[in-house]
Each structure stands twice: as C-alpha cells, then as structure tokens.
Amino acid sequence: MTVPPKVTDRAYARLAEINEAAGEAKALRIAVEGGGCSGFQYEIKLDDPAADDLVLEGGGQKVVVDAVSLPFLADAVIDFTEELIGARFTIQNPNASSSCGCGTSFSM
C-alpha cells in the first residue's frame with residue numbers, strides 16, 4: 001500500500017492566496033517526470049483534477065497527484081517556503097536517494 005503524500009497548512013494557505021488572486025479555483029498538481037539533472041523532476045502547476053487523480057484537500061483547496069506519480073511521492077511532504085532566494089512549493093521526499101541543488105530534480 002502506498003502512503004499518500006502530506007500537504008502542509010502553509011502550502012494550502014499559499015494555494016488559497018494564488019487562487020484568490022487569479023479569481024478561479026484550480027488544484028495544485030504535483031507530478032513526477034523523467035528528466036532533470038538527477039533522473040527525475042517534479043512538475044508543479046495549477047490544473048483541474050482528472051478522474052484517476054488522488055485528491056488531497058485542506059482549507060478548501062485541492063492538491064492532486066496522478067496515479068503514475070503517486071508511488072514516487074509516497075510519504076512525501078508538500079510545503080511552501082519563503083527564503084531570500086525566493087518563494088516556492090517544495091517537496092520533501094523520503095524516497096529520493098539524492099537531489100540536485102535546484103530542488104526540483106532527484107534520483108531514486
């Protein structure tokens with residue numbers, strides 16, 4: 001059984017801010033694709049849920065993960081961070097054996 005990823009309250013709150021500014025409610029899609037400098041990379045974008053997506057809900061917001069990406073994100077934590085270099089959604093993934101300095105590329 002795959003343990004679904006967790007989404008922090010901070011990530012849901014930022015998604016709510018984004019949706020409010022845009023004037024429409026979209027889900028935050030987290031996907032894993034081949035590529036990047038370490039073999040896999042995260043794709044994070046606003047999207048509509050699909051029929052086979054896992055839908056995580058909190059604070060009136062939705063985060064979706066497709067069935068293919070789900071095993072790569074088992075027990076991961078989706079968060080939002082603000083640092084001097086910028087603000088972004090981050091993924092703390094216990095399945096990644098290494099990651100790149102960019103924070104969006106990893107290997108297993």
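The analysis underlying the following values was restricted to heavy atoms, covering all of them including side chains, and did not include hydrogens, waters or symmetry mates.
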Separation of Leu28 CG from Lys45 NZ (nearest 0.5 Å):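 One finds 11.0 Å between NZ of Lys45 and CG of Leu28.
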
Criterion side-chain contact (heavy atoms from CB on, under 4.5 Å) on Ile91 and Val77, from CA distance to verdict: CA-CA 6 Å; Ile91 300 170; Val77 176; over 6 Å; no

Can you name the side-chain contact (heavy atoms from CB on, under 4.5 Å) partners of Ala50, sequence neighbours left out?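 If we apply the side-chain contact (heavy atoms from CB on, under 4.5 Å) test to Ala50, skipping adjacent residues, the hits are Arg29, Asp52, Asp53.
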
Partner residues of Ala25 under the side-chain contact (heavy atoms from CB on, under 4.5 Å) criterion, sequence neighbours left out: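 Once residues adjacent in sequence are excluded, Ala25 has no partner under the side-chain contact (heavy atoms from CB on, under 4.5 Å) criterion.
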
Between Pro94 and Ala76, what is the shortest heavy-atom contact and its length?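 Residues Pro94 and Ala76, closest heavy atoms: CD-CA, 3.7 Å.
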
What is the minimum heavy-atom distance between Leu73 and Asn95, and which atoms define it?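 Taking Leu73 first and Asn95 second, the nearest heavy atoms are C-ND2, 4.0 Å.
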
Parallel, tilted or perpendicular, as decided by the 30° and 60° cut-offs, for the rings of Phe89 and Phe80: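 Answer is perpendicular, since the angle exceeds 60°.
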
Val55: which other cluster members, linking ILVMFWY side chains closer than 4.5 Å, directly or transitively?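 Taking Ile, Leu, Val, Met, Phe, Trp and Tyr as members, Val55 shares its hydrophobic cluster with Val64.
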
When Ile, Leu, Val, Met, Phe, Trp and Tyr are grouped by side-chain heavy atoms lying under 4.5 Å apart, directly or through other members, which residues fall in the same group as Ile85?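 None; Ile85 is a cluster of one.
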
List in chain and number order the residues that pass ring pair (Phe, Tyr, Trp, His ring centres under 6.0 Å) with Tyr12, two or more places apart in sequence or in another chain; answer none if no residue qualifies.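 Tyr12 satisfies ring pair (Phe, Tyr, Trp, His ring centres under 6.0 Å) with no residue once adjacent residues are dropped.
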
Show me the donor-acceptor pairs, under 3.5 Å and distance only, between side chains in residues 14-22 and residues at least two apart or in other chains.
unit_1	atom_1	unit_2	atom_2	d
Arg14	NH1	Glu17	OE1	3.1
Asn19	OD1	Lys26	N	3.0
Asn19	ND2	Lys26	O	2.9
Asn19	ND2	Gln61	OE1	2.7

Starting from Ile30, can I reach Leu46 by hopping between I/L/V/M/F/W/Y residues whose side chains sit under 4.5 Å apart?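 Linked within one cluster.
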
Donor-acceptor contact present, side-chain Ser69 to main-chain Val32, <3.5 Å: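 Yes: the side chain of Ser69 pairs with the backbone of Val32.
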
Summary of salt bridge (Lys or Arg N to Asp or Glu O under 4.0 Å) pairs that have at least one residue in residues 67-84, sequence neighbours excluded: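 Salt bridge (Lys or Arg N to Asp or Glu O under 4.0 Å) check on residues 67-84 returns Lys6-Asp75, Arg10-Asp79.
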
May I have all residue pairs that pass salt bridge (Lys or Arg N to Asp or Glu O under 4.0 Å) and include part of residues 61-71, sequence neighbours excluded?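 Every candidate salt bridge (Lys or Arg N to Asp or Glu O under 4.0 Å) pair involving residues 61-71 fails, so no pair, neighbours aside, qualifies.
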
Under 4.5 Å between any side-chain heavy atoms of Leu54 and Pro5, yes or no?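 Leu54 vs Pro5: side chains touch.
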
